K.L.:
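Starting off with a structure, shown below.
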Amino acid sequence: MAPSSAARSLFSLPVASLLGVSALLAPVPALADAGQSKPQAANAETLSLLPALPPVPRQPAAPRSRLAMLDASDGQITPGGPFRYAITPERRALLNTIRFAEGTWARGEDLGYRVMFGGGLMGGMDRHPNRVIYSGRYASAAAGAYQFMPFTWTMASQKLGLAGFGPHVQDQAAIFLIQRRGALALADRGEFTPELAAKLAPEWASFPTLAGYSYYGQPVKRYAALKAFYEQSLAQLKTLADPPQEPVVELPTCEPVQSLRCRLEALDRIGPKPKSLGI
């Protein structure tokens, strides 16, 4: 919806700064590298008869990243409770790409969820700051990883029953806006197409229309750059969600099984018995 001429004359600001869409931010340093969170390997089964090994000291936890936080499926958390969207690799890759376009990527770290228009950081995340910031020729109250305008955030958070302004609820509200623009089905295909970008251009001013321009006449990211970032992010996410398995090496069968040679080989594979078993 275009603003009235009265609104334009009152504030003397560009159109996009007063609409319920995300405004472009000053870039955060080192935006090109995706997060490097790695999945933990599954613990191997241990024999209950063997003595317990001393605990292995844990390494200090790496900074939290949204990159590896994937959920299972859409639906209500509890019967009759609030609805929550699944965070699949395809959806997370698109969320990452929106952050990259909006200047809040910050290497995939949660710091990007605290960014306000102009590049400053909000003090807390208990609520949307709802504070107009003037930066260059533009002014906006956009905040968060997806640069929510205050009334856009209010609408999305009320629809989903979200509390606070933390990273998880920002992700949920962003997916809600993607669906509201009719782009969620396209997003779930795992392809960043010009049509997908164009559907999101009215919501995020940094996304290009089919003609390659911002829907609101603001600076815009090139489609090729967004597509390259999306594909890199999706490839990393798919590796995290389904890490490659080590090939299983089949040992040749020893025959005849009851021969002395085969019995000795079987004992070698079992290995020495622990003395604590009293054998």
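Quantities reported herein were computed from a predicted structural model and do not represent experimental measurements. All values below were derived from every heavy atom in this structure, side-chain atoms included, with hydrogens, water molecules and symmetry-related copies excluded.
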K.L.:
Measure the spacing between CG of Leu160 and CD1 of Ile175 and express it to the nearest 0.5 Å.
P.N.:
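These two atoms lie 9.5 Å from each other.
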K.L.:
Quick one: pull up CD1 in Ile98 and CZ in Phe229 and give me the separation to the nearest 0.5 Å.
P.N.:
11.0 Å
K.L.:
Would you call Pro89 and Leu234 a side-chain contact if the rule is heavy atoms closer than 4.5 Å?
P.N.:
yes
K.L.:
Indicate yes or no for a side-chain donor-acceptor contact from Thr104 to the backbone of Ala145 under 3.5 Å, with no hydrogens or angles considered.
P.N.:
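It does hold such a pair.
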K.L.:
Measure the NZ-OG1 distance between Lys159 and Thr154 for me, rounded to the nearest 0.5 Å.
P.N.:
13.0 Å
K.L.:
Can you name the residues that form a side-chain hydrogen bond (donor to acceptor under 3.5 Å, both in side chains) with Glu191, not counting sequence neighbours?
P.N.:
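By the side-chain hydrogen bond (donor to acceptor under 3.5 Å, both in side chains) rule, Glu191 matches no residue at all.
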K.L.:
Once you round to the nearest 0.5 Å, how far does OG of Ser157 lie from CD of Gln172?
P.N.:
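The distance works out to 12.5 Å.
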K.L.:
Under the side chain to side chain contact (heavy atoms under 4.5 Å, CB included) rule, collect the residues that match up with Ser214, sequence neighbours excluded.
P.N.:
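In terms of side chain to side chain contact (heavy atoms under 4.5 Å, CB included), with neighbours along the sequence ignored, Ser214 is linked to Ala205, Tyr216, Gln218, Val220.
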K.L.:
So, Tyr113 and Asp171: side-chain donor and acceptor under 3.5 Å apart, yes or no?
P.N.:
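Judged by distance alone, the side chains do pair up.
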K.L.:
Would you indicate whether the side-chain heavy atoms of Glu203 and Thr152 approach each other to under 4.5 Å?
P.N.:
yes
K.L.:
So, the side chain of Arg127 versus the backbone of Gly164: is there a donor-acceptor pair under 3.5 Å, distance only?
P.N.:
no
K.L.:
Minimum heavy-atom separation for Ala163 and Val169, please, with both atom names.
P.N.:
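Ala163 and Val169 have their closest heavy atoms at O-CG1, 3.6 Å.
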K.L.:
If you define the side chain from C-beta out and look only at heavy atoms, does anything of Leu177 sit under 4.5 Å from Trp204?
P.N.:
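Leu177 reaches Trp204 side chain to side chain.
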K.L.:
Any sub-3.5 Å donor-acceptor pair from His128's side-chain atoms to Trp153's backbone N or O?
P.N.:
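Judged by distance alone, no pair lies under 3.5 Å.
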K.L.:
Quick one: CZ on Arg92 to OG on Ser233, what's the gap to the nearest 0.5 Å?
P.N.:
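The distance works out to 9.0 Å.
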K.L.:
List the residues meeting side chain to side chain contact (heavy atoms under 4.5 Å, CB included) with Ala183, not counting sequence neighbours, and say none if there are none.
P.N.:
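Testing Ala183 for side chain to side chain contact (heavy atoms under 4.5 Å, CB included), a comparison that skips the adjacent residues, returns Ile178, Leu196, Lys199, Leu200.
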K.L.:
So Arg180 and Met155, do their side chains get closer than 4.5 Å, heavy atoms only?
P.N.:
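With C-beta onward as the side chain, the pair touches.
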K.L.:
Flag yes if more than 12 heavy atoms outside Phe165 fall under 6.0 Å of its CZ atom; otherwise flag no.
P.N.:
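Yes, the 6.0 Å shell around CZ holds more than 12 heavy atoms from other groups.
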K.L.:
Decide whether a cation-pi geometry holds between Lys221 and Phe100; the criteria are a distance under 6.0 Å from NZ or CZ to the six-membered ring centre and an angle within 45° of the ring axis.
P.N.:
yes
K.L.:
With a 4.5 Å cut-off on side-chain heavy atoms, are Arg131 and Phe117 touching?
P.N.:
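A side-chain contact is absent here, since even the closest heavy-atom pair is not under 4.5 Å.
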K.L.:
With sequence neighbours left out, what residues match Glu231 under side chain to side chain contact (heavy atoms under 4.5 Å, CB included)?
P.N.:
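Counting only residues at least two positions away or on another chain, Glu231 forms a side chain to side chain contact (heavy atoms under 4.5 Å, CB included) with Lys227.
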K.L.:
Within the 4.5 Å heavy-atom criterion, are Asp74 and Phe83 side-chain neighbours or not?
P.N.:
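Yes, their side chains come closer than 4.5 Å.
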K.L.:
To the nearest 0.5 Å, tell me how far His168 NE2 sits from Asp110 CG.
P.N.:
12.5 Å
K.L.:
Could you tell me if the side chain of Leu162 sits less than 4.5 Å from the side chain of Pro82, heavy atoms only?
P.N.:
no
K.L.:
With Asp188, which residues qualify under salt bridge (Lys or Arg N to Asp or Glu O under 4.0 Å), at least two apart?
P.N.:
Arg91
K.L.:
Flag the pair Arg189 / Glu90 as yes when at least one side-chain heavy-atom distance between them is below 4.5 Å, and no otherwise.
P.N.:
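The answer is no; the side chains never approach within 4.5 Å.
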K.L.:
According to side chain to side chain contact (heavy atoms under 4.5 Å, CB included), who are the partners of Ala211, at least two apart in sequence or on a separate chain?
P.N.:
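By the side chain to side chain contact (heavy atoms under 4.5 Å, CB included) rule, Ala211 matches Thr209, Tyr213.
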K.L.:
Is the Tyr223 to Phe192 ring centre distance short of 6.0 Å?
P.N.:
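Centroid separation for Tyr223 and Phe192: below 6.0 Å.
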